[in-house]
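Counting convention: from 1, in listed order, for ligands and their atoms alike.
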Amino acid sequence: MLVRLMYASRATAALADADLAAILRTSRAHNPAEGITGLLCFADGVFVQVLEGGRDAVNARYKSIVQDVRHSDVILLSYDEITERAFPGWTMGQVNLHRLNAALLLKYTETGRLDPYRMSGAAMASLFQEMCASGAIAVS
Ligand SMILES: Cc1cc2nc3c(=O)[nH]c(=O)nc-3n(C[C@H](O)[C@H](O)[C@H](O)COP(=O)(O)O)c2cc1C
């Protein structure tokens, strides 16, 4: 049984490129063995992550992620049972917002700025799908 979980959170301290790279390295080291795929987006001090995989694996990993002191204010945006993965190609793909078309962001947001605290889970999921289609995801 597959699920897709999406959450947002705020980085607790200014996050350097090396810190983000370390998070992605850990993710890419753990996730394949756990059957987890997904995307991580970091912009303006805010993370949005989508995790897909078996229910037990995703739930367990989410619990450990929530306890990570590198972020706080974790909000669950969506949690769905799914029949297929939307992002099977990424052990943890990194979203590069600079590669995004401004009109695409405006399509799903109030002001054209990515603020998941003011977006529905459904809008965020659609935006992630379009990011993939438009090549805004770095190779994992
Ligand atoms: C925003 C964010 C996203 C993360 N995503 C993942 C992830 O997808 N997979 C993962 O294994 N760890 C991820 N981590 C790291 C975990 O919080 C945790 O440090 C790591 O899973 C330690 O796992 P362990 O206790 O099983 O060794 C993330 C951390 C942060 C701050």
Side-chain angles (χ1 to χ4, degrees):
M1 126 102 63
L2 288 169
V3 300
R4 181 181 306 121
L5 181 158
M6 207 174 344
Y7 73 85
S9 62
R10 295 186 200 283
T12 40
L15 207 79
D17 286 351
D19 301 321
L20 185 58
I23 290 171
L24 286 163
R25 232 185 353 263
T26 306
S27 306
R28 290 165 186 168
H30 287 161
N31 295 355
E34 297 170 4
I36 293 176
T37 52
L39 300 176
L40 179 65
C41 175
F42 179 70
D44 298 330
V46 172
F47 291 107
V48 192
Q49 189 173 30
V50 52
L51 299 168
E52 296 179 330
R55 183 166 58 196
D56 291 349
V58 168
N59 291 358
R61 184 48 64 193
Y62 180 61
K63 271 191 219 163
S64 82
I65 291 174
V66 166
Q67 287 163 15
D68 197 309
V69 296
R70 289 172 287 187
H71 63 172
S72 60
D73 299 346
V74 180
I75 55 161
L76 189 61
L77 294 174
S78 65
Y79 185 93
D80 296 298
E81 294 176 356
I82 54 173
T83 52
E84 60 186 50
R85 295 172 196 253
F87 313 105
W90 285 280
T91 58
M92 191 45 61
Q94 183 185 3
V95 175
N96 187 342
L97 281 183
H98 301 300
R99 283 201 221 160
L100 266 195
N101 179 329
L104 181 58
L105 268 179
L106 194 55
K107 180 173 172 184
Y108 292 105
T109 62
E110 293 176 22
T111 60
R113 284 196 51 218
L114 185 70
D115 183 356
Y117 290 88
R118 298 175 69 97
M119 289 171 67
S120 70
M124 196 62 228
S126 298
L127 178 56
F128 268 136
Q129 297 264 23
E130 289 212 37
M131 285 171 176
C132 280
S134 68
I137 315 295
V139 177
S140 62

(message) Once you restrict to heavy atoms under 4.0 Å, what part of Gln67 touches ligand 1? Side chain, backbone, both or neither.
(response) neither
(request) Decide side-chain contact (heavy atoms from CB on, under 4.5 Å) for Met131 and Leu39; before the verdict, give the C-alpha distance in whole Å, the side-chain angles of both, and the deciding distance to 0.1 Å. (result) CA-CA 10 Å; Met131 285 171 176; Leu39 300 176; 5.8 Å; no
(request) Return yes when Val66 approaches ligand 1 closer than 4.0 angstrom through a heavy atom, no otherwise. (result) no
(request) Kindly compute the distance separating CG (Leu127) from SG (Cys132), expressed to the nearest 0.5 Å. (result) 10.0 Å
(request) Give the residue, atom name and distance (to 0.1 Å) of the protein heavy atom nearest atom 13 (C) of ligand 1. (result) Ser27 OG, 3.6 Å
(request) Identify, by atom number and element, the atoms of ligand 1 in contact range of Asp68, meaning under 4.0 Å from any of its heavy atoms. (result) 15 (C), 16 (C), 17 (O), 18 (C), 19 (O), 29 (C), 31 (C)
(message) For a 4.5 angstrom cut-off between non-hydrogen side-chain atoms, does Gln49 reach Leu40?
(response) yes
(message) Under 4.0 Å from a heavy atom of Met92: which atoms of ligand 1 are those, numbered in the order shown and with their elements?
(response) 8 (O)
(message) Rounded at 0.5 Å granularity, tell me how far CD in Glu52 sits from CE in Met6.
(response) 9.0 Å
(message) Can you check which of Ile23, Val74, Val58 brings a heavy atom nearest to atom 30 (C) of ligand 1?
(response) Ile23
(message) With heavy-atom distances below 4.0 Å as the criterion, list the atoms of ligand 1 near Ser64.
(response) 17 (O), 21 (O)
(request) Starting from atom 5 (N) of ligand 1, find the nearest protein heavy-atom neighbour and note its residue, name and distance. (result) Gln49 NE2, 3.1 Å
(message) If the threshold is 4.0 Å, N to carboxylate O, is there a salt bridge linking Asp115 and Arg113?
(response) no
(request) Search all heavy atoms of Thr12 against all heavy atoms of Ser72 and return the closest pair with its distance. (result) CG2-OG, 3.7 Å
(message) Once you measure the plane-to-plane angle for Phe87 and Phe128, does it fall in the parallel (<30°), tilted (30-60°) or perpendicular (>60°) bin?
(response) perpendicular
(request) Please could you name the atoms of ligand 1 that Asn31 approaches to less than 4.0 Å, counting only its heavy atoms? (result) 7 (C), 8 (O), 9 (N), 10 (C), 11 (O)
(request) Find all atoms of ligand 1 within a distance of less than 4.0 Å from any non-hydrogen atom belonging to Arg70, and give their numbers and elements. (result) 15 (C), 19 (O)
(request) Considering only non-hydrogen protein atoms, determine which one is nearest to atom 27 (O) of ligand 1 and report residue, atom name and distance to 0.1 Å. (result) His30 CE1, 3.7 Å
(message) Below 30° counts as parallel, above 60° as perpendicular, anything between as tilted: where do the rings of Phe47 and His71 land?
(response) perpendicular
(request) Give the numbers and elements of all ligand 1 atoms closer than 4.0 Å to a heavy atom of Leu51. (result) 8 (O)
(request) Could you tell me the separation between the CZ atom of Arg85 and the CH2 atom of Trp90, rounded to the nearest 0.5 Å? (result) 13.0 Å
(message) Quick check on atom 25 (O) of ligand 1 - does any protein heavy atom sit closer than 4.0 Å to it?
(response) no
(request) Have a look at ligand 1 and work out which part of Ile36, if any, has a heavy atom under 4.0 Å from it: side chain, backbone, both or neither. (result) neither
(request) Kindly compute the distance separating CG (Asn31) from CE (Met92), expressed to the nearest 0.5 Å. (result) 4.5 Å
(request) Mark up the atoms of ligand 1 that fall under 4.0 Å of a heavy atom belonging to Tyr7, in ascending order. (result) 1 (C), 2 (C), 3 (C)
(message) One residue to check: Glu34. Relative to ligand 1, which of side chain, backbone, both or neither has a non-hydrogen atom less than 4.0 Å away?
(response) neither
(request) Considering only non-hydrogen protein atoms, determine which one is nearest to atom 21 (O) of ligand 1 and report residue, atom name and distance to 0.1 Å. (result) Arg61 NH1, 2.4 Å
(request) Answer yes or no for Tyr62: is there a heavy-atom contact with ligand 1 below 4.0 Å? (result) no
(message) Count I, L, V, M, F, W, Y as connected when their side-chain heavy atoms are under 4.5 Å apart, and connections chain through other members. Are Tyr117 and Leu106 then in the same cluster?
(response) no
(message) To check your reading of the model: name the closest protein heavy atom to atom 14 (N) of ligand 1, its residue, and the distance in Å.
(response) Ile65 CG1, 3.9 Å
(request) Please tell me if the side chains of Leu114 and Asp44 come closer than 4.5 Å, counting only heavy atoms from C-beta onward. (result) no
